There are 2 protein chains.
Amino acid sequence: MKIGALARKTGTTAETIRYYERTGLLEEPPRTAGNYRDYGPTELARLRFIRRARDLGFTMAEVRQLLSLADDPSQSCEAVDSIASLHLREVDRKLGDLRKLRTELRHMVDDCQHGAVGECRIIEVLSG
Amino acid sequence: MKIGALARKTGTTAETIRYYERTGLLEEPPRTAGNYRDYGPTELARLRFIRRARDLGFTMAEVRQLLSLADDPSQSCEAVDSIASLHLREVDRKLGDLRKLRTELRHMVDDCQHGAVGECRIIEVLSG
DNA sequence: GCTTGACCTTGTAGCCACTACAAGGTGCAT
DNA sequence: ATGCACCTTGTAGTGGCTACAAGGTCAAGC
């Protein structure tokens with residue numbers, strides 16, 4: 001499978017895949033006679049793993065850790081759990097922040113009387 | 001007021017203030033005899049406005065627009081409202097995404113039996 | 001008057017996770 | 001043989017800062 005096909009199967013782009021390779025998240029695949037990257041099911045599975053983790057908001061550093069943990073199935077999954085739990089707490093924090101922010105924005109927009117900028121509540125709130 | 005004092009008053013850093021100046025968000029202030037930036041209440045107010053907008057999640061481009069709208073108080077605040085409403089919708093979208101993500105993460109972490117990586121639900125979910 | 005130390009100056013490079021080219025090579029259909 | 005989609009490498013840009021390095025300024029203390 002060439003890089004474009006792999007990209008389509010994983011919802012990425014060729015650029016992103018090459019970027020992952022450059023940064024060591026994906027290993028260098030074998031090449032065809034014409035020097036094209038040639039991917040198989042192993043690389044597909046690995047990239048799918050990476051994409052799922054990224055979609056769940058894990059950083060590339062966390063993905064790297066998760067990948068190396070997944071590579072040793074006999075190990076305790078304590079480390080995996082701790083990465084995921086930490087990330088969950090981080091997401092909870094962000095959710096809280098965003099909810100507060102939303103409330104403020106909502107009030108601001110609701111209070112706007114659609115008059116002149118001089119009396120605009122939005123500008124007033126921002127001006128303090 | 002020198003840059004450090006302005007930074008302390010606005011919860012920023014001197015680096016950030018200089019960055020805002022470089023990118024045209026803040027104008028170049030007058031200088032003291034010793035070539036130090038010399039800020040007054042106008043700049044303080046402007047920076048506070050910027051910080052509030054940034055804290056509410058507006059992009060720098062949006063802040064730029066809001067600032068130029070705020071500078072003309074006789075104008076209709078339609079444009080202001082539209083920027084804020086658009087941003088609110090964007091925040092709502094992000095909130096939705098984050099809530100979904102949190103649910104998935106929560107399930108993943110809850111299902112983990114704290115055994116070996118080989119049976120780890122977290123790894124399984126990521127592997128698909 | 002001289003030193004110390006906190007602050008300031010400019011300039012450059014780095015962060016994350018991509019994204020967007022440019023300039024050229026490959027491979028298949030017409 | 002030509003066109004076209006795809007691939008290659010390399011480099012630079014995005015947003016919103018952040019982190020230096022190498023040097024200048026200024027007030028306080030000795």
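Please read these numbers as outputs of a predicted model, since none were measured by experiment.
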Mind checking side chain to side chain contact (heavy atoms under 4.5 Å, CB included) for B:K2 and listing every partner two or more places apart, or none if nothing turns up?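 In terms of side chain to side chain contact (heavy atoms under 4.5 Å, CB included), with neighbours along the sequence ignored, B:K2 is linked to B:Y36.
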With a 4.5 Å cut-off on side-chain heavy atoms, are [Y] and [X] touching?
X      : Y     : answer
A:K94  : B:L98 : yes
B:I83  : B:L86 : no
A:M108 : B:L56 : yes
B:E90  : B:R93 : yes

Pairs of donor and acceptor atoms involving the side chains of residues 70-79 of chain A, under 3.5 Å and at least two apart or interchain, shall be tabulated with distances.
{"unit_1": "A:D72", "atom_1": "OD1", "unit_2": "A:S74", "atom_2": "OG", "d": "3.2"}
{"unit_1": "A:S76", "atom_1": "OG", "unit_2": "A:E78", "atom_2": "N", "d": "3.0"}

Using heavy atoms and a sub-4.0 Å distance, could you list which residues of residues 33-42 of chain A are near DNA chain D? By number, please. A:N35, A:Y36, A:R37
Counting only non-hydrogen atoms, which of residues 84-94 of chain A are less than 4.0 Å from DNA chain D? none
Going by atom type alone, with no hydrogens or angles, which donor-acceptor pairs under 3.5 Å involve a side-chain atom of residues 4-12 of chain A and a protein atom two or more places apart or on another chain?
{"unit_1": "A:T10", "atom_1": "OG1", "unit_2": "A:L6", "atom_2": "O", "d": "2.7"}
{"unit_1": "A:T10", "atom_1": "OG1", "unit_2": "A:A7", "atom_2": "O", "d": "3.2"}
{"unit_1": "A:T10", "atom_1": "OG1", "unit_2": "A:T12", "atom_2": "OG1", "d": "2.5"}

Who are the side-chain hydrogen bond (donor to acceptor under 3.5 Å, both in side chains) partners of A:R22, not counting sequence neighbours?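 A:R22 satisfies side-chain hydrogen bond (donor to acceptor under 3.5 Å, both in side chains) with no residue once adjacent residues are dropped.
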Of A:F58 and B:R8, the one whose closest DNA chain C nucleotide lies more 5':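 Per heavy-atom nearest nucleotide, the more 5' residue is B:R8.
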By nearest nucleotide on DNA chain C, pick out whichever of B:K2 and B:E15 is the more 5' one. B:K2
Within the distance-only criterion (no hydrogens, no angle test), does the side chain of A:R54 pair as donor or acceptor with the backbone N or O of A:F58 below 3.5 angstrom?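 At least one qualifying donor-acceptor pair exists.
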So, does B:H87 use its side chain to make a donor-acceptor pair with the main chain of B:E62 at under 3.5 Å? no
Hey, where on DNA chain D does chain A first and last touch, going 5' to 3'? Cut-off is any atom under 4.0 Å from a heavy atom.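 Contact span on the strand: D:dC6 to D:dT9.
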Atom OH of A:Y19 and atom CG of A:L25: how far apart are they, to the nearest 0.5 Å?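 The CG atom of A:L25 is 8.5 Å from OH of A:Y19, to the nearest 0.5 Å.
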Do you know the tightest heavy-atom contact between A:I122 and B:A84? CD1-CB, 3.8 Å
Residue pairs fulfilling side-chain hydrogen bond (donor to acceptor under 3.5 Å, both in side chains) with at least one residue in residues 37-49 of chain B, sequence neighbours excluded: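 side-chain hydrogen bond (donor to acceptor under 3.5 Å, both in side chains) check on residues 37-49 of chain B returns B:E21-B:R37.
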Taking it one step at a time, do B:R102 and A:D92 satisfy side-chain contact (heavy atoms from CB on, under 4.5 Å)? CA-CA 7 Å; B:R102 198 212 109 96; A:D92 275 341; 2.4 Å; yes
For residues 16-30 of chain A, which residues have at least one heavy atom under 4.0 Å from DNA chain C?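 A:T16, A:Y19, A:Y20, A:R22 - these, ordered by number, are the residues of the stretch whose heavy atoms sit under 4.0 Å from the strand.
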Please list residues of residues 59-71 of chain A whose heavy atoms come under 4.0 Å from any atom in DNA chain C, ordered by number; otherwise none.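 Those residues whose heavy atoms fall under 4.0 Å from DNA chain C, taken from residues 59-71 of chain A in numerical order, are A:T59, A:M60.
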A:I50 CD1 - C:dC18 C1' separation (whole Å):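 Going from A:I50 (CD1) to C:dC18 (C1'), I get 14 Å.
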Distances for protein N or O near nucleotides 1-4 of chain C N or O, under 3.5 Å:
none

Will you find, in the side chains of A:S85 and A:S82, an N or O donor that is under 3.5 Å from an N or O acceptor? no
Can you list every salt bridge (Lys or Arg N to Asp or Glu O under 4.0 Å) pair that touches residues 104-113 of chain A, not counting sequence neighbours? A:R106-A:D110, A:D111-A:R121
Starting at the 5' end of DNA chain D and moving along, which residue's nearest nucleotide shows up first, B:R51 or B:T32?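 Looking at the nearest nucleotide for each, B:R51 comes out on the 5' side.
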